Protein chains: 2
Amino acid sequence: MSNQSASSHPRRYAQINVGLLGLGVVGSGAYKVLTDNADAIAQKVGARVNVKRIAVRNLDKDRKVNVDRSLLTDDPYEVIDDPDISIVCELIGGVQPAKGYVMRALGLGKSVVSANKELIAKDGHDAMVEAAARGVDFLFEGSVGGGIPIIQAMKSSLAGNTIHEVKGIVNGTTNYILTRMTQEGAELADVLADAQAHGYAEADPTNDVEGFDAQFKIAILSSIAFTSRVQTTDVYTEGIMRIGAHDIAHAREMGYVIKLLAIGQRIGDDAVQVRVHPALVPVGHPLASTGGPYNAILVRGDAVGDVMFYGQGAGMMPTGSAVAGDILEVCRNMQHGATGRIACTCFEHKRALPVDTVVTRYYVRMYVTDRPGTLSAIAGVFGRHQVSIASVRASAQERAEAIWVTHQVQEANLRRALKELSGIPEVHSIENWLRVED
Amino acid sequence: MSNQSASSHPRRYAQINVGLLGLGVVGSGAYKVLTDNADAIAQKVGARVNVKRIAVRNLDKDRKVNVDRSLLTDDPYEVIDDPDISIVCELIGGVQPAKGYVMRALGLGKSVVSANKELIAKDGHDAMVEAAARGVDFLFEGSVGGGIPIIQAMKSSLAGNTIHEVKGIVNGTTNYILTRMTQEGAELADVLADAQAHGYAEADPTNDVEGFDAQFKIAILSSIAFTSRVQTTDVYTEGIMRIGAHDIAHAREMGYVIKLLAIGQRIGDDAVQVRVHPALVPVGHPLASTGGPYNAILVRGDAVGDVMFYGQGAGMMPTGSAVAGDILEVCRNMQHGATGRIACTCFEHKRALPVDTVVTRYYVRMYVTDRPGTLSAIAGVFGRHQVSIASVRASAQERAEAIWVTHQVQEANLRRALKELSGIPEVHSIENWLRVED
């Protein structure tokens with residue numbers, strides 16, 4: 001046995017008590033990690049990490065983990081206000097009442113660990129201000145990417161970098177749906193219904209399929225990456241409901257897959273651009289092969305270049321792993337009197353640019369008149385709006401269809417071109433248009 | 001401006017002085033990161049991080065970065081012993097004299113950052129003992145995987161997990177060589193010579209092509225993953241020199257690529273198995289698409305499942321990023337009086353199992369007699385040694401060749417079978433055999 005540090009560097013606590021708010025999927029996972037690996041965790045921290053109390057809504061509900069019923073209470077304040085509890089884990093989700101609990105715990109000088117992406121994206125700043133004022137930790141690795149250690153990596157190991165871009169697949173449900181649509185040639189509604197029936201999608205899937213879950217996550221990641229607070233309202237957000245089997249088939253023929261991407265970019269010294277939308281990704285790109293419930297996040301730094309992180313983006317044990325990691329981090333800080341060691345790093349105020357200023361390539365699918373001159377008329381409209389065309393594929397089965405892929409253009413120009421095109425006689429309908437991320 | 005922590009949590013230092021030992025590739029990268037991003041780093045740390053002195057061998061050499069010549073000295077003790085320098089970065093490489101410098105700096109109560117994989121793999125324990133005794137940090141993120149934040153991830157974010165396996169491509173030179181052999185159908189000697197001519201491989205490539213570089217790295221990763229010190233002598237090590245264009249072509253036909261893998265596995269409660277060798281990897285596996293100079297490391301934890309990290313595994317700026325990240329970590333610890341916060345985590349003593357106990361699948365390529373009964377005679381020998389065959393492909397161009405792929409078998413049995421096969425008349429020669437990692 002050679003835990004040198006334990007002998008030479010006296011630690012402050014022999015036991016650290018943790019309280020959980022919530023024993024759902026994430027709470028159960030965190031509890032299981034802390035109990036399954038309790039001995040090794042004690043060695044690493046130099047103290048027993050003890051889950052002392054757990055607040056639940058329903059005391060009688062069946063639980064996913066074996067837990068001593070005497071730990072349970074239906075009064076969250078019995079956890080928050082317990083003077084023996086030093087670390088409160090908020091694993092409820094949603095802004096209220098979670099925020100009230102978090103703020104109260106911080107106000108009592110307790111460190112808080114949360115996996116609540118919505119709370120952190122919308123109101124995390126308030127919690128960070130309070131944590132800093134009290135000299136405690138407010139950590140939230142589990143809020144993005146399940147067990148993928150992306151937040152600590154950006155805050156610490158990559159902290160020497162100027163990060164230019166953070167981009168990834170951060171919503172498992174939509175990735176599962178798009179992966180199955182790609183594999184099966186199926187339509188979204190059918191896959192979604194099946195996913196709901198099997199528990200892979202929520203009964204109300206709005207947060208996932210409309211892109212809000214990804215919006216929360218990219219707001220958090222971008223705030224850390226660009227050292228400037230990105231609000232959820234700064235994030236241009238499109239979900240996947242417009243994606244048809246038809247688009248996926250066309251994309252595949254051109255060497256692309258369609259993924260819901262969350263993208264944050266540093267623009268110059270004083271701006272950012274942050275967005276969530278489906279996009280065509282080349283099949284050879286590392287993000288393209290991220291299938292099913294997996295998440296992948298790519299960080300581009302001025303020194304490190306491209307670094308990619310890949311893993312299960314949700315679920316009981318992966319997210320429990322992240323929460324447990326945060327708890328260990330707090331415990332180690334407590335042992336050295338160093339809670340609050342890494343506080344809010346949003347020390348800049350950057351503008352968020354509108355989606356109109358995005359410069360990328362575009363895929364446009366439309367039904368057109370089937371006669372000579374149609375394509376050149378359409379190309380002429382694109383050209384008048386400075387939209388340069390890389391390729392066009394036209395086919396006539398039931399209806400004449402044209403698939404355009406542009407070179408890099410500014411989105412404002414593309415939108416103006418589409419507006420004009422929707423009014424010319426050669427175009428029956430613009431069926432869909434999507435960004436292409438190379 | 002809202003760096004709340006700065007106002008509410010008083011920091012100890014307004015400036016922290018760093019000294020570098022070495023201004024080669026890694027030293028230049030670290031210096032450039034610290035100076036390019038000095039303002040943001042100061043915001044994150046709450047202190048200016050100032051490179052005060054740099055020890056070099058040759059004061060007059062041209063440098064990859066703009067550096068004030070007055071910072072340079074050819075006496076490393078002018079860096080180590082400078083009472084104003086709190087953090088010493090050892091970026092020289094090799095065991096001696098680097099170890100002497102590291103031990104002296106730690107003995108003086110300074111934190112040390114190193115990117116020296118050989119020193120850490122062979123003698124890191126001594127440095128960690130000394131660091132713990134002095135209550136300072138000894139960090140070495142840059143020693144494995146360039147800028148990929150793998151060491152901190154395992155020590156901290158993933159610390160709640162029992163890690164079962166760490167596996168990856170950790171040597172960029174051999175990956176570059178194998179990638180080019182795969183793309184071009186070329187022989188190793190030709191690609192190696194070209195890589196040397198272009199500076200992608202060292203004049204003496206032994207450390208890379210014989211697997212020693214990967215051995216150092218997997219010893220470090222396994223020690224952290226399994227909380228038990230893995231010595232370099234515990235690592236079974238095979239390089240890539242035996243790999244021919246022929247093997248790569250056969251592998252490809254069967255849906256595999258050949259990669260130099262470094263693998264550490266937890267075996268039961270009290271043992272580990274750690275090895276470096278070329279292996280067949282299915283083309284769909286995330287490691288298979290890791291091309292050129294990139295590294296990819298996969299960690300399998302009991303809670304998190306599979307997490308993969310991917311990025312440039314070496315080079316001035318990526319490794320400089322890792323060194324700078326470690327420096328920031330030390331600075332933040334210094335600001336809270338918490339150096340030594342995460343010390344050595346090797347609190348167990350596990351046995352290292354010999355390679356004979358590996359259980360995996362195998363690829364065996366041999367020249368055989370071209371007459372009836374040959375394959376069944378060979379299959380009979382395999383069978384007598386409990387080696388079950390999944391497939392055999394035989395061809396007769398100039399010589400009759402047979403390619404066998406086994407089911408999962410213990411390596412001891414495979415080796416016994418090969419020994420017997422090398423003596424039977426049906427087998428002219430066993431040309432190569434490789435492990436298959438699914």
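Each chain gets a letter, A, B and so on, in the order the sequences are listed, and its residues count up from 1. Fair warning: this is a prediction, and the values are worked out from it, not measured in the lab.
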**Q** Which donor-acceptor pairs under 3.5 Å do the side chains of residues 318-330 of chain A make with protein atoms, sequence neighbours left out?
**A**
| from | atom 1 | to | atom 2 | distance (Å) |
| --- | --- | --- | --- | --- |
| A:T319 | OG1 | A:G315 | O | 2.9 |
| A:S321 | OG | B:N161 | ND2 | 2.7 |
| A:D326 | OD2 | A:F140 | N | 3.2 |
| A:D326 | OD2 | A:E141 | N | 2.8 |
| A:E329 | OE1 | B:S156 | OG | 2.7 |
| A:E329 | OE2 | A:R341 | NH2 | 3.4 |
| A:E329 | OE2 | B:R341 | NH1 | 3.3 |
| A:E329 | OE2 | B:R341 | NH2 | 3.2 |

**Q** Do the side chain of B:S111 and the main chain of B:I87 share a donor and acceptor less than 3.5 angstrom apart?
**A** no
**Q** Looking at B:S157 and A:P149, would you say the former's side chain and the latter's main chain have a donor-acceptor pair under 3.5 Å?
**A** no
**Q** Could you have a look at A:L34, A:N333, A:T227 and say which one has the most heavy-atom pairs with chain B under 4.5 angstrom?
**A** A:N333
**Q** Look at A:T162, A:V45, A:T345 and state which one has the largest set of heavy-atom pairs under 4.5 Å with chain B.
**A**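 Counting heavy-atom pairs under 4.5 Å, the top option is A:T162.
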**Q** Applying ring pair (Phe, Tyr, Trp, His ring centres under 6.0 Å), name anything that partners B:Y31, two or more places apart in sequence or on another chain.
**A**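 Testing B:Y31 for ring pair (Phe, Tyr, Trp, His ring centres under 6.0 Å), a comparison that skips the adjacent residues, returns none.
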**Q** Using a 4.5 angstrom heavy-atom cutoff, name the option from A:G147, A:G160, A:G311, A:A131 with the most pairs to chain B.
**A**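 Highest number of heavy-atom pairs under 4.5 Å: A:G160.
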**Q** What distance do B:R332 atom CZ and B:I16 atom CD1 have between them, rounded to the nearest 0.5 Å?
**A** 11.0 Å
**Q** May I ask you to say whether B:D39 pairs ionically with B:R48, meaning some side-chain N is under 4.0 Å from a carboxylate O?
**A**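 Salt bridge: yes.
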**Q** Listed by residue number, which members of residues 285-303 of chain A have a heavy atom under 4.5 Å from any heavy atom of chain B?
**A**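 Heavy-atom contacts from residues 285-303 of chain A to chain B are A:Y294, A:D302, A:A303.
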**Q** Quick check for you: among A:I151, A:V33, A:I342, A:D306, which has the greatest number of heavy-atom pairs under 4.5 Å with chain B?
**A** A:I342
**Q** Suppose we screen for salt bridge (charged side-chain N to carboxylate O under 4.0 Å, His left out). Which residues come up paired with B:K32, at least two apart in sequence or across chains?
**A** B:D36
**Q** Got a second to check how far B:F226's CZ is from B:H164's NE2, nearest 0.5 Å?
**A** 9.5 Å
